[in-house]
Protein chains: 2
Amino acid sequence: MLTMVSKTRPAIRAKVRLEMVEAGARLCRQLGLPRSTGQIYGLLFLAGGPMSLDDIVGMLGISKASASTGTRQLTSWGAIRQVWVPGNRRDYFEVVADLGDLIRGSYENVIKPRLEATQRRLDGLLRALDHDAAEGLLDKDEAMVCAERIKYLARLHRKLQSALPLFEKLI
Amino acid sequence: MLTMVSKTRPAIRAKVRLEMVEAGARLCRQLGLPRSTGQIYGLLFLAGGPMSLDDIVGMLGISKASASTGTRQLTSWGAIRQVWVPGNRRDYFEVVADLGDLIRGSYENVIKPRLEATQRRLDGLLRALDHDAAEGLLDKDEAMVCAERIKYLARLHRKLQSALPLFEKLI
DNA sequence: CCGATCGTTCAAATTGAACTAAACGAATTA
DNA sequence: TAATTCGTTTAGTTCAATTTGAACGATCGG
């Protein structure tokens, strides 16, 4: 049976929500993340209740694929969570109220691993320097300059490593 | 008169410098900046002395255009500086030793303006909310939720604004 | 004044990432 | 079991942004 269905998609009516969606988009963009991910977060942040994938798709006018990957990303970061609506097998999403957890999580999951990677990289630089000095690829003066600069970086990095956890406590 | 010139360009021989160039490239990439800019900084960071544009071009194998814009960017940020080598009208560049100034500058020029923009945006959200409530675009419950969430964001933002300057002192 | 040497600017090309449409798979219902 | 309804995956497109080559302007030396 064929039925004619109106194709007008639901739209965001409230200005606040529009601005919030835009703000989320901008934020994600500045963080180098997909714009659509920020839109989803902005939408859910001021939503009246949980929204399904298709709700999100309809409201934002993005593809289902973007909505799917976006919600998965946000869920993995603990920014939104999946909620089950009784008697409905759709996935519904809502924002996680406490952003503090999100920030703490981003430190653990994003910042900290990156700091450790940098630490390893610094160690690698020192090893490479030894290697180059041994191979005669750097004369003594050059090796001295390199060593000094790298150690300066290491000091700075150590300061960062100790300051960031303290900073987190302030939030 | 025609002379046959060998086309082998000077290359980076020391491993340390190669890794440093790569590290700079990666860092800039993560900050959403051109890769070549990071390469230039990495190269200069472990250089034995000031380098000219053509030195940089030759060592990194990038175009002169990239080198020109990259050095200008880095100079504008105070990350590198121009030095004049007596009896030579070329531009020579070297890194600025103190990275502390660079960090402080980035707070003043990048972070702070962005925080202020966010503040304005938050105010805008509250105005939009009032408007929507007045127009009847949001029922009472929805308006309550929105107001609460936005105020929460504002509190968080205030914390950030007060914590960041303190954090900077630690670096 | 002419040629050469440098640095900058600009349009075009290349690259990389996000987005979409469509196919797919899983789960459910009739 | 066939038909539906969802969510995910993937291949291809689109779009933004870096990169580059080439032209330009400026400055110096002969």
Side-chain angles (χ1 to χ4, degrees), chain A residues 1-3 5 7 9 21-22 24-44 50-76 80-93, chain B residues 1-3 5 7 9 21-22 24-44 50-76 80-93:
Chain A
M1 176 187 176
L2 262 168
T3 58
V5 185
K7 267 287 200 133
R9 70 172 177 80
V21 166
E22 209 187 325
R26 211 185 324 261
L27 175 62
C28 272
R29 244 186 94 76
Q30 288 179 344
L31 295 175
L33 302 171
R35 179 203 324 261
S36 59
T37 304
Q39 291 179 332
I40 296 171
Y41 187 77
L43 181 65
L44 291 176
M51 300 183 73
S52 73
L53 259 198
D54 285 329
D55 291 340
I56 295 170
V57 166
M59 287 288 188
L60 296 178
I62 62 179
S63 72
K64 213 168 174 181
S66 292
S68 177
T69 59
T71 50
R72 186 139 40 107
Q73 286 267 43
L74 289 166
T75 304
S76 78
I80 68 177
R81 78 161 69 90
Q82 211 168 340
V83 294
W84 280 271
V85 173
N88 198 326
R89 66 188 185 81
R90 248 182 273 243
D91 296 349
Y92 281 82
F93 299 93
Chain B
M1 177 187 177
L2 264 168
T3 58
V5 184
K7 268 290 198 126
R9 69 173 176 80
V21 166
E22 210 187 324
R26 210 184 327 260
L27 174 62
C28 271
R29 245 187 98 71
Q30 287 180 344
L31 295 176
L33 303 170
R35 178 202 325 261
S36 58
T37 304
Q39 292 180 345
I40 296 170
Y41 187 77
L43 181 64
L44 291 176
M51 302 184 72
S52 72
L53 259 196
D54 285 330
D55 291 339
I56 295 171
V57 166
M59 287 288 188
L60 295 179
I62 63 178
S63 72
K64 213 170 178 180
S66 291
S68 177
T69 59
T71 50
R72 186 138 40 106
Q73 286 267 42
L74 289 166
T75 305
S76 79
I80 67 177
R81 77 161 70 89
Q82 213 168 339
V83 294
W84 280 270
V85 173
N88 198 326
R89 67 190 186 83
R90 245 183 275 244
D91 295 350
Y92 281 83
F93 298 94

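Order of the sequence lines sets the chain letters (A, B, ...), proteins ahead of strands, with each chain counted from 1. Not measured: the values here are computed from a predicted model.
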Tell me every residue that passes salt bridge (Lys or Arg N to Asp or Glu O under 4.0 Å) with B:Arg90, counting only those two or more places apart in sequence or in another chain. B:Asp54

Using the salt bridge (Lys or Arg N to Asp or Glu O under 4.0 Å) criterion, which residues pair with A:Arg35? Sequence neighbours excluded. none

Has A:Arg72 got a side-chain N or O lying under 4.0 Å from the OP1 or OP2 atom of D:dT9?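 For D:dT9, OP1 or OP2 has a side-chain N or O of A:Arg72 closer than 4.0 Å.
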
Partners meeting side chain to side chain contact (heavy atoms under 4.5 Å, CB included) with [X] (sequence neighbours left out):
X	answer
B:Val83	B:Pro50, B:Arg81, B:Tyr92, B:Glu94
B:Gln82	B:Trp84, B:Asp91, B:Phe93
A:Leu43	A:Ile12, A:Val21, A:Met51, A:Ile56, A:Met59, A:Leu60

Length of the line joining A:Ile40:CD1 and D:dG7:P, which is rounded to integer Å: 12 Å

Can you check the A:Leu53 CG to D:dT8 P distance for me, whole Å? 6 Å

Quick one: what's the B/S/- string for nucleotides 18-30 of chain D, heavy-atom cutoff under 4.0 Å, read 5' to 3'? SSBB-----BS--

Distance-only check: which donor-acceptor pairs under 3.5 Å involve side-chain atoms of residues 64-74 of chain B, not counting sequence neighbours?
{"from": "B:Ser66", "atom 1": "OG", "to": "B:Ser63", "atom 2": "OG", "distance (Å)": "3.3"}
{"from": "B:Thr69", "atom 1": "OG1", "to": "B:Ala65", "atom 2": "O", "distance (Å)": "3.2"}
{"from": "B:Thr69", "atom 1": "OG1", "to": "B:Ser66", "atom 2": "O", "distance (Å)": "3.1"}
{"from": "B:Thr71", "atom 1": "OG1", "to": "B:Ala67", "atom 2": "O", "distance (Å)": "2.8"}
{"from": "B:Thr71", "atom 1": "OG1", "to": "B:Ser68", "atom 2": "O", "distance (Å)": "2.9"}

Hey, where on DNA chain C does chain B first and last touch, going 5' to 3'? Cut-off is any atom under 4.0 Å from a heavy atom. C:dT5 to C:dA17

Toward the 5' end of DNA chain D, by each residue's nearest nucleotide, A:Arg90 or A:Arg29: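 Result of the comparison: A:Arg90.
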
